[in-house]
Undergrad: 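Here you go, one structure.
Remember, it's 1-based here, ligands and their atoms both numbered in the order they're listed. For the numbers below, each heavy atom of this structure counts, side chains included, while hydrogens, waters and symmetry mates do not. Numbers here simply count residues along the sequence, with the first being 1.
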Amino acid sequence: PQCGYCALGVSCRICSMGPCRVRDDKTGACGATASTVAARNFARMVAGGAAAHSDHARGVAETFLGAAKGEAPGYAVQDERKLMLTAQRLNVPTEGKSAKDVAVAVGEKALSEFGRQHGEIEFTHRAPEKRLQIWRELGVVPRGVDREIVEIMHRTHIGVDQDYRNLALQSTRAAIGDGWGGSMIATELQDILFKTPVPVRSRVNLGVLKKDEVNVVVHGHEPLLSEMIVHASRDPEMLKLAASKGAKGINIAGICCTANEILMRHGIPIAGNFLQQEAAIVTGAVEAMVVDVQCIMQSLAKTAEKFHTKVINTSPKAFMEGAVKILFHEDDAVNSAKAIVRAAVENFPRRGKVEIPDDVEDIIGGFSHETIEYMLGGRYRASYRPLNDNIINGRILGVAGVVGCNNPRTVHDKIHTELVKELIANDVRVVETGCAAIACGKSGMLTPEAALELAGPGLREVCEAVGMPPVLHSGSCVDNSRILIAAAEIVREGGLGTDICDVPAVGVGAEWMSEKAVSIGQYFVASGVHVIFGGLPLFEGGQEFYKYLTDGMESDLKARWSFEPDPHKIAAIAFDHLRKKRAALGILGKKDRVLFDMAMRRELNV
Ligand code: SF4
Ligand code: MSK
């Protein structure tokens with residue numbers, strides 16, 4: 001049974017005078033009000049989410065440094081151009097230095113951002129100047145990734161910070177440390193190690209599992225593992241072993257964000273999103289489900305007991321009862337990955353009845369910020385200019401970042417897909433990450449052909465001109481940092497205001513469920529983007545705090561939250577917001593294309 005107080009965000013168990021359930025004018029045993037309790041709960045969700053993203057990033061930075069020093073065989077810098085750009089952004093000198101030395105310095109600098117105690121996280125300087133100014137005035141520029149998370153844990157201890165706005169500001173600081181810190185570090189270093197994604201065609205849904213091959217499903221979040229599994233599955237020794245067991249090959253497929261990572265860089269097919277993890281096992285066709293961290297249901301091993309599937313637990317941070325432990329060692333990645341793939345192959349003869357659904361869709365992934373810029377502007381003038389122009393001339397109403405999880409409170413994928421269909425039909429350019437992207441992939445919206453069928457006339461015209469799908473897959477949860485960078489670049493390109501809050505843009509987490517989603521939501525709001533979450537209005541019980549989230553935050557951050565479970569109402573809120581932003585920019589009406597005659601050209605002041 002679910003607790004009504006918890007649903008409203010007003011139960012507290014942070015000290016043993018409680019637990020307390022606090023509503024209206026009642027208080028906890030310590031005197032805490034409902035708004036204080038709700039703000040503390042919100043802050044702790046942000047801390048949990050920011051910690052998850054950032055600990056993932058720390059692991060990447062450590063392996064990156066090991067690879068740069070030649071101490072992590074199997075990993076190497078694959079995108080030197082991005083290495084040099086990232087060095088500049090981190091204030092690491094590059095002149096006269098070898099790529100190896102720059103990589104070591106970048107790895108050390110990135111790693112130091114986590115434990116940094118003073119100053120400002122370097123990547124926050126990628127935000128528009130005005131945004132940075134807002135953060136500085138509010139005192140919310142993160143000093144270090146870890147420090148802001150620790151400070152949340154301190155401030156939410158019994159008897160410390162009791163002011164809901166002050167708690168929300170620290171949540172903002174930690175969330176910025178996630179989006180413009182930890183998550184951005186993860187994305188940038190992963191791109192340098194494994195290549196910056198470019199568009200790649202693949203397939204999605206359970207139908208990607210193969211009847212006659214060994215199926216290895218990788219699930220979780222960290223590409224350090226999955227990249228190596230992909231390589232191990234192509235190893236001739238492994239393929240020979242598979243053949244000796246009667247299999248025609250080794251098929252890798254992904255679930256959740258691990259799926260997004262290997263789709264983006266290798267075009268590996270996706271078996272499904274969060275709510276399909278057990279369904280993949282139930283096909284009877286999965287020899288091994290290889291899991292690392294985050295979003296792995298504890299029920300998996302129990303489900304697997306009924307089938308031949310081995311759930312292989314690879315992270316020392318996340319032990320699972322009933323799973324086979326084959327720990328993944330980054331300093332011996334190739335052999336660790338081979339041991340995992342070998343275990344899967346050897347399990348093939350134990351297969352029983354197999355039932356793989358036919359459902360499968362084509363999908364295009366790989367829309368990194370660099371790719372979007374290149375596709376819009378071309379090799380020699382990569383830029384967001386065409387996107388800005390198409391927003392200004394009204395062909396595109398605005399941009400929506402639709403991200404986040406699945407949640408069994410709603411029919412699987414329904415809110416994502418109904419919402420996104422409505423958005424693109426009304427000329428909103430949609431950028432997606434995480435399980436939301438997989439949901440829309442399964443319903444066929446991630447192909448250029450979808451633009452012809454589903455997009456409104458303006459968006460269709462733009463998609464046809466550049467050969468893009470109406471919905472862009474930009475990667476995993478940490479890759480929401482790509483959307484932040486794209487937003488900053490749109491501002492830098494000019495014509496749509498001087499801060500991210502001026503751009504007609506919204507963020508939506510329609511089926512969110514994880515703490516990471518709350519951190520993502522807060523760093524989008526902190527960056528100036530109106531954020532709409534579906535599901536429960538989790539903090540509604542703390543009335544003043546809830547009013548602050550949904551209204552008052554606007555005066556601090558020029559953006560706020562909305563909570564709305566219905567996809568059509570979410571779309572209505574989004575359209576209303578995009579139109580308001582367009583009106584403020586003076587571009588509300590659609591501008592007709594004008595063919596300039598000679599007299600008009602002469603009048604141009606260029
Ligand atoms: Fe109750 Fe206050 Fe303790 Fe929370 S901190 S459990 S509201 S006494
Ligand atoms: S995997 S956090 S269910 S998006 Fe990133 Fe999906 Fe949400 Fe996990």
Undergrad: Out of all atoms in ligand 2, which are within 4.0 Å of some heavy atom of Gly404? Include the element for each.
TA: 4 (S)
Undergrad: Does only the side chain of Arg40 get under 4.0 Å from ligand 1, or the backbone, or both, or neither? Count heavy atoms.
TA: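 Answer for Arg40: side chain.
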Undergrad: Would you call Glu151-Arg173 a salt bridge at under 4.0 Å N-O?
TA: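 No, no charged N to carboxylate O under 4.0 Å.
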Undergrad: Run the numbers for me: atoms of ligand 2, each under 4.0 Å from some heavy atom of Cys256, listed by number.
TA: 1 (S)
Undergrad: Are Glu261 and Ser226 close enough that a side-chain donor and a side-chain acceptor fall under 3.5 Å?
TA: no
Undergrad: Do Asp479 and Thr433 have side-chain atoms, one donor and one acceptor, less than 3.5 Å apart?
TA: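 No, no side-chain donor-acceptor contact under 3.5 Å.
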Undergrad: Would you say Asn313's side chain and Ala318's backbone share a donor-acceptor pair under 3.5 angstrom?
TA: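 Yes, Asn313 side chain to Ala318 backbone: donor-acceptor pair under 3.5 Å.
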Undergrad: CD1 of Ile364 to NE2 of His473: how many Å apart, nearest 0.5 Å?
TA: 11.5 Å
Undergrad: Which protein atoms of type N, O or S are found under 2.8 Å from atom 3 (Fe) of ligand 1?
TA: Cys15 SG
Undergrad: Looking at Phe194, is Arg265 sitting on its ring face, NZ or CZ under 6.0 Å from the six-membered ring centre and within 45 degrees of the normal?
TA: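 Ring-cation test returns no.
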Undergrad: Checking a contact table here: which protein heavy atom is nearest atom 6 (Fe) of ligand 2, and how many Å away?
TA: Cys435 SG, 2.3 Å
Undergrad: Atom SG in Cys435, atom CG in Asn260: separation rounded to 0.5 Å?
TA: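 Going from SG on Cys435 over to CG on Asn260, the span is 7.0 Å.
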Undergrad: If the test is side chain to side chain contact (heavy atoms under 4.5 Å, CB included), which one of Gln190, Glu222, Glu330 qualifies with Thr63?
TA: Glu330
Undergrad: Rounded at 0.5 Å granularity, tell me how far NE2 in His221 sits from CG in Asp292.
TA: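 Reported value, rounded in 0.5 Å steps: 8.5 Å.
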Undergrad: Given that the side chain starts at C-beta and the backbone is N, CA, C, O, which of these parts of His221 lies under 4.0 Å from ligand 2, counting heavy atoms, or is it both or neither?
TA: side chain
Undergrad: Identify whether the distance between the nearest side-chain nitrogen and carboxylate oxygen of Glu305 and Lys302 falls below 4.0 Å.
TA: yes
Undergrad: Just to check, does Ser514 reach to within less than 4.0 Å of ligand 2 when the distance is taken from its heavy atoms?
TA: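 Contact present.
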Undergrad: Give the atom numbers and elements of ligand 2 that come within less than 4.0 Å of a heavy atom of Met513.
TA: 3 (S)
Undergrad: Considering non-hydrogen atoms of the protein only, which is the closest contact for atom 7 (Fe) of ligand 2, and what is the distance?
TA: Cys405 SG, 2.4 Å
Undergrad: Between Lys516 and His56, is any side-chain donor less than 3.5 angstrom from a side-chain acceptor?
TA: no
Undergrad: When you measure from atom 8 (Fe) of ligand 2 to every protein heavy atom, which one gives the shortest distance, and what is it?
TA: Cys295 SG, 2.2 Å
Undergrad: Rounded to the nearest 0.5 Å, how far does CD1 of Ile255 lie from CD1 of Ile281?
TA: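 It comes to 8.5 Å.
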Undergrad: Within ligand 2, which atoms have a heavy atom of Lys516 less than 4.0 Å away?
TA: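 Listed by number with element: 2 (S), 5 (Fe).
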Undergrad: Under 4.0 Å from any heavy atom of Phe274, which atoms of ligand 2 are there?
TA: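 The list of qualifying atoms is 3 (S).
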Undergrad: Quick one: the SG of Cys477, atom 5 (Fe) of ligand 2, SG of Cys257 angle, rounded to 10°, please.
TA: 90°
